[in-house]
2 protein chains.
Amino acid sequence: MSAPRSADQIHASLSAQIVAGQLRPGDPLAEAALADRFNMSRTPVREALQRMAAEGLVERGPRRAFIVRRMTPTDLGHMFEALGEIEALCARLAAQRMTPIARAQLTEILAVECRTHDDYAALNRRFHEALRLGAGNQVLSDLLADLNRRTLPWRNAQFHTSNGRMDSSRQEHHAILQAIIAQDGDKAAALMRDHMAGSLAVVLAMIAPRETTGNPPPSRGVTP
Amino acid sequence: MSAPRSADQIHASLSAQIVAGQLRPGDPLAEAALADRFNMSRTPVREALQRMAAEGLVERGPRRAFIVRRMTPTDLGHMFEALGEIEALCARLAAQRMTPIARAQLTEILAVECRTHDDYAALNRRFHEALRLGAGNQVLSDLLADLNRRTLPWRNAQFHTSNGRMDSSRQEHHAILQAIIAQDGDKAAALMRDHMAGSLAVVLAMIAPRETTGNPPPSRGVTP
DNA sequence: GCCTTTTGAATTGTATACATATCATAATAT
DNA sequence: ATATTATGATATGTATACAATTCAAAAGGC
């Protein structure tokens with residue numbers, strides 16, 4: 001059996017709280033307080049925080065204390081651009097490389113009916129995941145997963161936006177699917193770029209007015 | 001003054017030894033031995049190793065001991081493909097965004113004469129660095145820096161290859177420069193993709209015959 | 001003879017004590 | 001009154017002791 005390592009539990013718990021918005025950018029992460037809260041010593045807490053720092057989820061604040069990572073508007077723009085471009089790159093590779101079977105599975109994913117936001121979030125996740133797998137590059141897939149995790153605290157803001165976004169997002173997914181079935185890599189990439197830009201513009205518009213290095217509106221639900 | 005932190009020193013030292021080939025893939029990194037070698041306790045050694053693990057330079061071996069990261073041939077292919085594609089992406093963005101001044105500086109970099117391999121390695125580094133800056137995206141720039149560090153142990157093998165590669169690499173650089181001056185993003189990206197593929201094919205050809213999860217030939221000099 | 005079980009050593013994971021740096025507060029001199 | 005310096009508290013950085021786990025080797029049963 002795999003031994004339960006304390007540091008891993010802390011890492012998972014803190015990461016989840018950060019991406020869920022329960023811990024917000026700028027919040028302090030004092031070692032002693034966390035050790036007390038998890039009923040553990042500072043050592044595994046430090047390990048978890050150091051790993052999260054390397055992953056870009058937390059940063060150093062005053063007194064070299066760890067704080068939940070803040071983002072300048074410029075940082076957010078760069079991160080979302082990188083996310084969109086690499087996702088577009090994966091779409092192009094997927095169009096070139098997916099097997100007929102994989103294309104059929106991708107079609108199946110989009111054929112599922114869903115009404116609630118949670119349903120659609122799950123569908124959306126499956127769609128993008130299938131595309132990442134279809135690109136056939138583990139490194140790019142890992143990069144996307146990382147960027148997704150790091151932007152999740154900010155993307156969750158999309159929940160409150162119009163339901164219309166859900167419908168247009170779905171149409172864009174189908175357009176991308178058609179391009180992939182046609183094995184038109186450039187078109188798939190261009191469509192995916194627009195798709196990501198559209199969904200992320202909503203986030204930026206919601207975040208820009210607020211102070212950006214501070215706290216994004218806490219909420220649940222993801223609709224890229 | 002900034003306090004000298006032991007963990008940072010160890011991290012820098014070990015990272016340098018790994019990318020330089022003095023520590024080779026699969027080599028064990030026992031905590032006690034390293035602590036003894038650096039005349040420090042295990043705590044900062046563990047911190048350095050954990051950060052390097054998150055950065056992808058080391059991995060876990062038997063007994064959960066840290067070892068220098070190994071790579072399957074598939075992993076290497078994925079990593080080099082990701083490197084080439086993102087570099088191409090940056091070239092396209094740079095073509096769209098570089099100011100006339102930045103373009104002039106890029107031209108200057110390529111105008112410098114150089115005869116030794118070290119000279120050319122420096123020129124090459126400056127060229128790619130200028131392009132990353134020109135893309136104007138810190139996140140993509142960081143991603144490239146990471147991928148470069150992680151592939152450095154394997155790319156160093158290129159040193160022994162023919163001098164002809166240096167000349168053709170130089171010609172490819174000039175072609176990319178022309179595309180950027182013409183602000184032709186797609187062409188710059190395509191040229192960069194070919195450029196990276198060409199230089200990395202040399203590495204793969206040299207590595208493929210050997211056992212790939214083991215050790216790359218140790219050497220110095222980089223010529224992407 | 002081969003497989004299973006047990007036992008042991010060696011290494012990593014965790015806890016705690018101590019050292020050190022950083023920031024805030026207050027006191028003092030100008 | 002303001003600026004500067006001293007001083008103290010609080011949090012992080014490091015060292016060391018202990019616990020737990022893992023792998024290997026040897027002993028025993030089939």
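These figures come from a predicted structure and were not determined experimentally. So you know, we letter chains A, B, ... as the sequences are listed, proteins then strands, and number each from 1.
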Open item on the list: Which residues pass the ring pair (Phe, Tyr, Trp, His ring centres under 6.0 Å) test with B:Phe127, not counting sequence neighbours?
Closed with: B:His173
Open item on the list: For B:Glu87, give me all partners under salt bridge (charged side-chain N to carboxylate O under 4.0 Å, His left out), at least two apart in sequence or on another chain.
Closed with: none
Task: salt bridge (charged side-chain N to carboxylate O under 4.0 Å, His left out) partners for B:Glu31, two or more places apart - done: B:Arg42, B:Arg46
TODO: Please report, rounded to the nearest Å, how far the C1' atom of D:dA15 is from the CG atom of B:Asn39.
DONE: 13 Å
Task: Listed partners of B:Glu129 passing side chain to side chain contact (heavy atoms under 4.5 Å, CB included), at least two apart - done: B:Arg132
TODO: Could you tell me which residues satisfy side chain to side chain contact (heavy atoms under 4.5 Å, CB included) with A:Asp146, sequence neighbours excluded, listed by chain and number?
DONE: A:Arg149
Between the protein and nucleotides 10-14 of chain C, list the N/O to N/O atom pairs that are separated by less than 3.5 angstrom.
unit_1: C:dA10; atom_1: N3; unit_2: B:Arg63; atom_2: NH2; d: 2.5
unit_1: C:dT11; atom_1: O4'; unit_2: B:Arg63; atom_2: NE; d: 3.3
unit_1: C:dG13; atom_1: OP1; unit_2: B:Arg60; atom_2: NH2; d: 3.4
unit_1: C:dG13; atom_1: OP1; unit_2: B:Arg64; atom_2: NE; d: 2.9
unit_1: C:dG13; atom_1: OP1; unit_2: B:Arg64; atom_2: NH2; d: 3.3
unit_1: C:dG13; atom_1: OP2; unit_2: B:Arg46; atom_2: NH1; d: 2.5
unit_1: C:dG13; atom_1: OP2; unit_2: B:Arg46; atom_2: NH2; d: 3.1
unit_1: C:dG13; atom_1: N7; unit_2: B:Arg42; atom_2: NH2; d: 2.9
unit_1: C:dG13; atom_1: O6; unit_2: B:Arg42; atom_2: NH1; d: 3.2
unit_1: C:dT14; atom_1: OP1; unit_2: A:Ser6; atom_2: N; d: 2.6
unit_1: C:dT14; atom_1: OP1; unit_2: A:Ser6; atom_2: OG; d: 3.1

